Amino acid sequence: MLKETLIPAATAVGIAAYAVRGKSSQLIAPSIWHGNRKRPALALTFDDGPSESTPALLELLAEHNVKATFFMCGQNVRRLKEIAREVSAAGHEIGNHTDSHAPLYFKSPEFIYRELALAQQSILQITKTTPQFFRAPYGARWPGLGRSQERLHLTGVMWTGIARDWKWPASRVSRLLLKKAQNGAILCLHDGRELERAPDIRATLDAVELVLPILKDRGFSLETVTEILR
């Protein structure tokens with residue numbers, strides 16, 4: 001009797017965990033986690049910015065003539081207006097990463113909508129760009145997100161691989177990026193550390209500087225999320 005009770009319960013927990021964190025899950029909200037797998041192209045994405053460290057990353061990407069997608073927090077956009085504008089002016093794509101980077105799990109649909117809507121409004125007002133894509137903080141989605149995305153015309157974006165560049169050294173980050181590099185891959189890094197001021201992103205910069213020429217030598221083109229979905 002106990003076994004018959006535990007099995008369905010364990011199954012339900014597994015389904016719930018997949019719905020919230022599974023990168024390929026569509027159960028809570030529409031999202032994508034890779035692009036066109038028929039072309040040798042991949043997308044670099046950067047979360048949690050803009051930060052005081054973002055200009056160094058912009059300079060590095062410009063040196064290699066690479067365009068990326070930046071998932072920005074509304075509070076950071078309002079705090080660092082000029083840097084947010086620099087990202088857009090450089091031709092990079094801007095996505096929505098909520099306003100305060102608060103986790104969405106166990107939050108009401110109203111809270112979730114406010115987080116997305118305020119970030120969307122701030123990004124539009126300051127950069128004159130309307131995000132088409134949204135990435136949930138920590139990659140954790142929650143009921144109510146799907147309706148919020150629909151209201152704001154946002155498509156969710158997870159990742160093929162996430163570089164734990166907030167805690168790993170550049171050597172380990174670069175190994176993961178190269179391992180996950182495949183046709184249509186969406187790779188997640190960070191140009192900020194949530195709402196931290198002047199974050200240290202040296203591991204991110206060093207890893208990106210190392211892998212860009214290698215990826216190009218392998219025949220990959222580096223594109224925005226919009227481009228990689230074509």
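The first residue in the sequence is number 1, and the count goes up from there. Everything numeric here is computed off the predicted structure, so don't read it as measured data.
The CD atom of Glu63 lies 7.0 Å from the CD atom of Glu209; values are rounded to the nearest 0.5 Å. The CD atom of Glu196 sits 8.5 Å away from the OG atom of Ser53 when rounded to the nearest 0.5 Å. To the nearest 0.5 Å, atom OG1 of residue Thr204 and atom CZ of residue Phe46 are 7.5 Å apart. With rounding to the nearest 0.5 Å, the separation of CZ in Arg175 from CG in Leu210 is 10.5 Å. Between the NZ atom of Lys180 and the SG atom of Cys188 there is a distance of 12.5 Å, given to the nearest 0.5 Å. In this structure, CE in Met72 is found 10.0 Å from OG in Ser51, a value given to the nearest 0.5 Å.
Ala181 and Arg218 make their closest contact through CB-NH1, 4.3 Å (heavy atoms, listed as atom of the first residue, atom of the second, distance). Here the closest non-hydrogen pair linking Phe111 and Ala102 is CZ-CB, 3.9 Å. For Ala170 against Ala203, the heavy-atom pair with the smallest separation is CB-O, 3.5 Å. Here the closest heavy-atom approach between residue Ala84 and residue Ile126 is recorded as CB-CG2, 4.5 Å. Here the closest heavy-atom approach between residue Ser148 and residue Ile112 is recorded as OG-CG2, 3.8 Å.
A side chain to side chain contact (heavy atoms under 4.5 Å, CB included) with Glu223 holds for exactly one of Leu44, Leu42, Ile228; it is Ile228.
In this model, no donor atom of one side chain and acceptor atom of the other lie less than 3.5 Å apart for Thr155 and Gln132. Thr127 and Arg85 share no side-chain donor-acceptor pair at under 3.5 Å. With no hydrogens or angles considered, a side-chain donor-acceptor pair links Ser24 and Tyr18 at under 3.5 Å.
In this structure, Asp191 contributes its side chain and Thr54 its backbone to no donor-acceptor pair below 3.5 Å. Formation of a donor-acceptor pair under 3.5 Å by the Arg172 side chain with backbone atoms of Asp165 is not found in this model. When atom types are taken as modelled, the side chain of Arg37 and the backbone of Gln182 share no donor-acceptor pair closer than 3.5 angstrom. With Gln125 contributing its side chain and Ser122 its backbone, the two residues share no donor-acceptor pair below 3.5 Å.
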**Study point:** Trace of the side-chain contact (heavy atoms from CB on, under 4.5 Å) decision for Arg79 with Gln75
**Key:** CA-CA 6 Å; Arg79 184 172 65 85; Gln75 288 189 26; over 6 Å; no
Review point. Can you check side-chain contact (heavy atoms from CB on, under 4.5 Å) on Asn36 and Leu229, steps first, answer last?
Key: CA-CA 5 Å; Asn36 186 342; Leu229 293 176; over 6 Å; no
Check your understanding: For Val66 and Leu212, what are the C-alpha separation, side-chain angles and deciding distance, and is it a side-chain contact (heavy atoms from CB on, under 4.5 Å)?
Key -> CA-CA 9 Å; Val66 167; Leu212 285 181; 4.2 Å; yes
Review point. Going through the checks in order, is the side-chain contact (heavy atoms from CB on, under 4.5 Å) test met by Gln149 and Phe133?
Key: CA-CA 9 Å; Gln149 287 185 193; Phe133 299 106; over 6 Å; no
**Study point:** Residue pair Arg141, Ser31: steps toward the side chain to side chain donor-acceptor pair (under 3.5 Å) verdict
**Key:** CA-CA 10 Å; Arg141 294 149 292 179; Ser31 69; 3.1 Å; yes
Practice item. Please report the C-alpha distance between Arg78 and Asp99 in whole Å, then the side-chain angles of each, then the deciding distance to 0.1 Å, and finally whether the salt bridge (charged side-chain N to carboxylate O under 4.0 Å, His left out) criterion is met. Key: CA-CA 10 Å; Arg78 294 192 296 276; Asp99 193 64; 2.7 Å; yes
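Hydrophobic clustering places Val20 together with Leu145 (ILVMFWY residues linked when any side-chain heavy atoms are closer than 4.5 Å, directly or through intermediates). Criterion: ILVMFWY side-chain heavy atoms under 4.5 Å apart, direct or through other members. Under it, Leu178 and Val173 are part of a common hydrophobic cluster. Leu176 and Val211 fall within the same hydrophobic cluster, where Ile, Leu, Val, Met, Phe, Trp and Tyr residues are linked whenever their side-chain heavy atoms come under 4.5 Å apart, directly or through other members. With hydrophobic clusters built from ILVMFWY side chains whose heavy atoms lie under 4.5 angstrom apart, Val157 does not share a cluster with Trp33. Hydrophobic clustering (ILVMFWY, side-chain heavy atoms < 4.5 Å, transitive): Phe71 and Leu187 are in one cluster.
Taking the six-membered ring for Trp and thresholds of 30 and 60 degrees, Phe106 and Trp142 have ring planes inclined between 30 and 60 degrees apart. Ring geometry, His190 versus Trp166: the interplanar angle exceeds 60°, so the pair is classed perpendicular (tilted spans 30 to 60°).
In this structure, Val77 and Lys81 have side chains that are not in contact, with every pair of non-hydrogen atoms separated by 4.5 Å or more. Annotation: side chain of Gln121 is not in contact with side chain of Leu124 (no heavy-atom distance under 4.5 Å). Between Pro131 and Leu154 the shortest side-chain heavy-atom distance falls below 4.5 Å. No side-chain heavy atom of Asp47 sits under 4.5 Å from any side-chain heavy atom of Leu189. Using a 4.5 Å heavy-atom threshold, the side chains of Pro199 and Glu52 count as touching. Side-chain contact between Thr45 and Ile186 is present, with heavy atoms from C-beta onward closer than 4.5 Å.
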N/O donor to acceptor pairs below 3.5 angstrom from side-chain atoms of residues 86-97, sequence neighbours left out:
| residue | atom | partner | partner atom | Å |
| --- | --- | --- | --- | --- |
| Ser88 | OG | Thr129 | OG1 | 3.2 |
| His92 | ND1 | Ala68 | N | 3.0 |
| Glu93 | OE1 | Thr69 | OG1 | 3.0 |
| Glu93 | OE1 | Val225 | N | 3.2 |
| Glu93 | OE1 | Thr226 | N | 3.2 |
| Glu93 | OE2 | Thr226 | OG1 | 2.3 |
| Asn96 | OD1 | Thr98 | N | 2.8 |
| Asn96 | ND2 | Leu116 | O | 2.9 |
| Asn96 | ND2 | Gln120 | OE1 | 3.0 |
| His97 | ND1 | Arg135 | O | 2.7 |
| His97 | NE2 | Asp48 | OD1 | 3.0 |
| His97 | NE2 | His101 | NE2 | 3.3 |

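In the hydrophobic clustering, Leu80 connects to Ile83, either directly or through intervening members, whenever side-chain heavy atoms lie under 4.5 Å apart.
Cation-pi check for Arg147 over Tyr113 is not met; the charged atom does not lie both under 6.0 angstrom from the ring centroid and within 45 degrees of its normal.
Applying the 6.0 Å contact sphere to CG of Asn65 captures no more than 12 heavy atoms from other residues, nucleotides or ligands.
Pairs engaging residues 204-228 under the ring pair (Phe, Tyr, Trp, His ring centres under 6.0 Å) rule: none recorded [sequence neighbours left out].
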